[in-house]
J.: 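If you scroll down you'll find the structure; I have some questions about it.
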Amino acid sequence: MWLREELLKSIWHAFTALDVDQRGKVSKSQLKVLSHNLCTVMKIPHDPVALEEHFKDDDKGPLSNQGYMPYLNKFILDKVQQEFDVLEFNKMCWTLCYTKNISTKQLLISDDDAFKVWCIFNFLSEDKYPLVIITEEIEYFLRKLIEAMGSGWSEEKFADYKLQLNTKKNCLTVWELIELLGMGYFTKGMNRQTLSMGINEVYQELILDVLKQEYMMKKGHKRKNWTERWFVLRPNSLSYYICEDLVEKKGDIILDRYCCVESLPDKEGKKCLFIIKCTDKSFEISASDKKKKQEWIQAIQTCIQLLRLGLPSPHREARLRRRELRQRQQAEEDNLAERMKQLQVANENKQRQLEAMRKVLFHAQLTQCHTQESLSRHVVRQQMEEQVAQKSSELEQYLQRVRELEDMYHLLEEALEDERQAKQDEESMRKLQGRLLEEEATKRAELEQIHLQQQRALSQTVAEKQELVAEQQAKERDLQAAMLQLERLETERQGALEQYEEVSKKLERAANKTKTWKDKVAKHEGLVRLIQPGHKGPQRITNWGPASFTDTELELRKKSWQEKKNQGDQAQ
């Protein structure tokens, strides 16, 4: 949700751009155009009559910005009911102001990069008008930009620039900040493309609340297939797109205080898995490696924790903490300055009192000299000296107290400086501790993974050993069975060989017997022949009667008859 203070900063730039003569006043016609554009962008109905009614007592001449602010709050900002495109709103205000204040043609950055720097300035600037960005926020922005470009931060270079800045006014306007980046004072050696990529990364992080973005694999809910998507993590949602140009969004994972994120073991051929459990459904995601998986889990857990605590985004929370720290330091410095002022005033009063007392003593001494002539000069002088000594002692005690207070003031300044340095060291140690915790969590996850792999390998080795023992035993049983079967086959072979020899002998005797009978049949072929089953076809009629010969015998007789006939023809 947009914040009114951030919207007012953009509107202030547009209003000051319309103030041509820089008197803090804008004509009514220009205010009408500005109000109409604001209503159009914020999706609220514009009422020109309300503007006329609001300024009816000041119809002549230009209108002051003090008069426009109540109208802006009452008739525009208070009527916003729905979400609108904040980017379009900022673009409109930027269009009204940038052409009248700066030209990017002579700078290293484009108009689009200058617009992003303008938005970052509005985010980091103080909530006071005219808008400026102080030294601490300039250093915060430049550090992020240099880190985004992959370069190293130079403390000495910024210290020199900080001295130059302190001699002027200790802050910058938005146009001075754009010119500082465009002139390349802190980005020497960087080309335009690298500078543009760095500005875009810081803009996405601070303005668009993009906490993390990367390609990952997501499991579908219907087809159960894995598809690569470009994921973008924001404080209250995890959106996924077709690719990193953010043109075609495929869906949103809405984060709330009831969500949770957990690591998953590898399955379905996918590694580095984790799951986001929401109230209505769950989402399984595969990261590119173990480190990225742990970073995503920690980032999503941080967002869920902030939602449970009701805190804003991390960058807004960090900005509020920096402002609160500056306000506390400023309050302590103001309190210390006030106490020193009070001490100085009290010291001056004491000095005046002592001077008055000296005058009174001097006049009293003269009066006593004239009125008490009877008294001896020695007694009078002794009394006066005692009084002067007493007053001098009181003065010395007071001066000693003032010196002690001054020493206490210097000690307090040193203590404040030590506290400031301790807070900076504490912040550095907190960042270092966070980084160490992240590395420890990463190492712990890697060790757990290695432990799981060792357990799996050990269990796999035991299982393989058991399988090998079982396989060996099975092979031994098969070998024994095969040997028994071989012995049985050898016995059967011997028996079969004996049977074969007996059958061979029987066959030989049968063959001899058959040969003997064939010889006898051949001798008595015409008289005796074997009785065989008759042919089922039509019976042949010969001189010897029906079915006296078989077909084979008939063919043999035909063949013999034909040979005899051929021999007789040859003889003739």
J.: Below 4.0 angstrom, N of the basic side chain to O of the carboxylate: do Lys9 and Asp127 qualify?
T.: yes
J.: Name the orientation class of the two ring planes belonging to Tyr203 and Phe115 (parallel below 30°, tilted from 30 to 60°, perpendicular beyond 60°).
T.: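 Tilted: the ring planes of Tyr203 and Phe115 meet at 30° to 60°.
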J.: So Tyr129 and Trp12, would you call those rings parallel, tilted or perpendicular, with 30° and 60° as cut-offs?
T.: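 Plane angle between 30° and 60°, so tilted.
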J.: Going by an N to O cut-off under 4.0 Å, is there a salt bridge joining Arg143 and Glu139?
T.: yes
J.: Check Glu6 with Arg319, please: is the shortest side-chain N to carboxylate O separation under 4.0 Å?
T.: yes
J.: Run Glu446 and Lys290 through salt bridge (Lys or Arg N to Asp or Glu O under 4.0 Å) and show every step you take.
T.: CA-CA 8 Å; Glu446 291 178 357; Lys290 296 178 182 178; over 6 Å; no
J.: State whether the side chain of Asp266 and the backbone N or O of Cys272 hold a donor-acceptor pair below 3.5 Å, judged by distance alone.
T.: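 Yes, because the side chain of Asp266 sits within donor-acceptor range (under 3.5 Å) of the backbone of Cys272.
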J.: Do the side chain of Asp256 and the main chain of Tyr258 share a donor and acceptor less than 3.5 angstrom apart?
T.: yes
J.: Please find the pair of heavy atoms, one from Ile297 and one from Val261, that lie closest to each other, and give the distance.
T.: O-CG1, 3.9 Å
J.: Taking the inter-plane angle between the rings of Trp230 and Tyr215 on a 0 to 90° scale, is it parallel (under 30°), tilted (30 to 60°) or perpendicular (over 60°)?
T.: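 The arrangement is perpendicular - the two ring planes meet at more than 60°.
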J.: Would you say the rings of Trp118 and Tyr98 are close, in the sense that their centroids are separated by under 6.0 Å?
T.: no
J.: Which residue in the set Lys218, Lys267, Lys270 passes salt bridge (charged side-chain N to carboxylate O under 4.0 Å, His left out) when paired with Glu284?
T.: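 Single salt bridge (charged side-chain N to carboxylate O under 4.0 Å, His left out) partner of Glu284 among Lys218, Lys267, Lys270: Lys267.
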J.: Both conditions, 6.0 Å and 45 degrees, for the charged tip of Lys212 above the ring of Phe231: are they met here?
T.: no
J.: Between Leu107 and Leu181, is any pair of side-chain heavy atoms under 4.5 Å apart?
T.: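 They are not in contact (no side-chain heavy atoms under 4.5 Å apart), so the answer is no.
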J.: State which residue, out of Val210, Ile253, Leu255, Asp209, fulfils the side-chain contact (heavy atoms from CB on, under 4.5 Å) condition with Leu233.
T.: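 Only one of Val210, Ile253, Leu255, Asp209 forms a side-chain contact (heavy atoms from CB on, under 4.5 Å) with Leu233, namely Leu255.
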J.: Do Glu136 and Arg322 meet the salt-bridge criterion of a basic N to acidic O distance under 4.0 Å?
T.: no
J.: Hey, does Leu38 have a side-chain heavy atom less than 4.5 Å from the side chain of Met92?
T.: yes
